[in-house]
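The chain is numbered in sequence order, starting from 1.
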Amino acid sequence: MENPLLLFPQLNISASKDKPYCKVMKPAVKEEPNKASKPGAKQKRNRLSLLLQKPEFHESDHLGKPGNLTKAASVSPEEAVKWGESFDKLLSEKAGLDAFTKFLKTEFSEENIEFWIACEDYKKSKSAHDLLPKAKTIFETFIQKDAPKEVNLDFHTKEVTSQSMGQPLRSTFDAAQSTVYRLMEQDSYPRFLRSAAYRGLLQGRPAARAPLRRRSRSFTVSDFQGVRPDLTVW
């Protein structure tokens, strides 16, 4: 019997073409598992959704749990009453300072009390060597233009403070601190005393969570000068 390859030579040609074709296709088949292992867009979205559900991304964790100004057991109504005697009395007590700070966070103006606290710490520096780095940090954080927590100071106070940065003294921030103190005393402190959270402390019960307020413009001392009350009788 004759060899079929001799009778049908096209079979030999077809076989020779199929062989290299298979070699070309093999690498493509091997790469498929690698493609499947890469996370798709849908999988990435699912991971992001799970991440956003973690407790540290919730607003309540940043403002304090469960939103009370202070723990009900740590502040008695008698102590809370003393906070209403004067702004200085409020800040002189740790619980009062903490309550006022949390209140300012609800108004997005906590930079004022943070600056005041930083100035108090600055004045307690033990050596002159510590003044320069601390002064630089305070100036860059709260006073210089476009600072991350810039407080509202008049031009003169900001200029005087800036000029003393070359050789800072313990009194370098006194004028700026006094200005911010007066702004809080005249603007934020009265609202704190009228807040539902503070009234709750006076009644000896936990304060309900204060709603977040739209941030209002901080007043300067000049805003109160030359303003005459409206005595019109309707």
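Interatomic distance, CG of L91 versus OG1 of T101, reported as 8.0 Å (0.5 Å rounding). For the atom pair CD of E140 and CG of D146, the computed distance is 13.0 Å after rounding to the nearest 0.5 Å. Rounded to the nearest 0.5 Å, atoms CG (D88) and OH (Y189) are 9.5 Å apart. How far CD of Q177 is from CH2 of W116: 6.5 Å, rounded to the nearest 0.5 Å. Taken to the nearest 0.5 Å, the OG atom of S178 stands 11.0 Å off from the CD atom of E185. For the atom pair L183 CG and L153 CG, the distance stands at 8.0 Å (nearest 0.5 Å).
With hydrophobic clusters built from ILVMFWY side chains whose heavy atoms lie under 4.5 angstrom apart, F192 shares a cluster with I117.
With a 6.0 Å radius and a threshold of 12 heavy atoms from other residues, nucleotides or ligands, E85 has its CD atom above the threshold.
Listed here is the closest heavy atom pair of W83 and A99: CZ3-CB, 3.9 Å. Counting all heavy atoms, side chain and backbone alike, E150 lies closest to I143 at OE2-O, 4.1 Å. Shown here for A118 and F142, the closest heavy-atom pair between the two residues is CB-CE1, 4.2 Å. When all heavy atoms are compared, the tightest approach of P168 to Y122 is CB-OH, 3.4 Å. Closest approach of P190 and M184 over heavy atoms only: CD-O, 4.3 Å. Nearest heavy atom pair, residue P77 against residue L202, reads CB-O, 3.3 Å.
Distance alone, capped at 3.5 Å, places no donor-acceptor pair between the Y198 side chain and the F100 backbone. A donor-acceptor contact shorter than 3.5 Å is absent between the side chain of S171 and the backbone of D174. The backbone N or O of T157 lies less than 3.5 Å from a partner atom in the side chain of T161, making a donor-acceptor pair.
Under a 4.0 Å N-O distance rule, the pair E120/K124 does not qualify as a salt bridge. The pair E107-R191 meets the salt-bridge criterion, with a side-chain N (NZ, NE, NH1 or NH2) lying under 4.0 Å from an Asp/Glu carboxylate O. Salt bridge present: D98 and K102 bring a charged side-chain N and a carboxylate O closer than 4.0 Å.
Between L193 and L90, every side-chain heavy-atom pair lies at or beyond the 4.5 Å cut-off. Looking only at side-chain heavy atoms (C-beta outward), T141 and E114 stay at 4.5 Å or farther from each other. F139 is not listed as a side-chain neighbour of T172, based on a closest heavy-atom distance of 4.5 Å or more.
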**OP:** List the steps and the verdict of salt bridge (Lys or Arg N to Asp or Glu O under 4.0 Å) for E93 and K89.
**Re:** CA-CA 7 Å; E93 297 186 7; K89 184 66 175 179; 3.7 Å; yes
Original post:
Given T179 and V151, is the side chain to side chain contact (heavy atoms under 4.5 Å, CB included) satisfied, shown in steps?
Top reply: CA-CA 10 Å; T179 299; V151 293; over 6 Å; no
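Between Y181 and F87, the angle of the ring planes lies from 30° to 60°, which puts this pair in the tilted group. Ring geometry for F115 versus F173: interplanar angle over 60°, hence perpendicular rather than tilted (30 to 60°).
Remark: the S127 side chain and the D130 side chain contain an N/O donor-acceptor pair separated by less than 3.5 Å.
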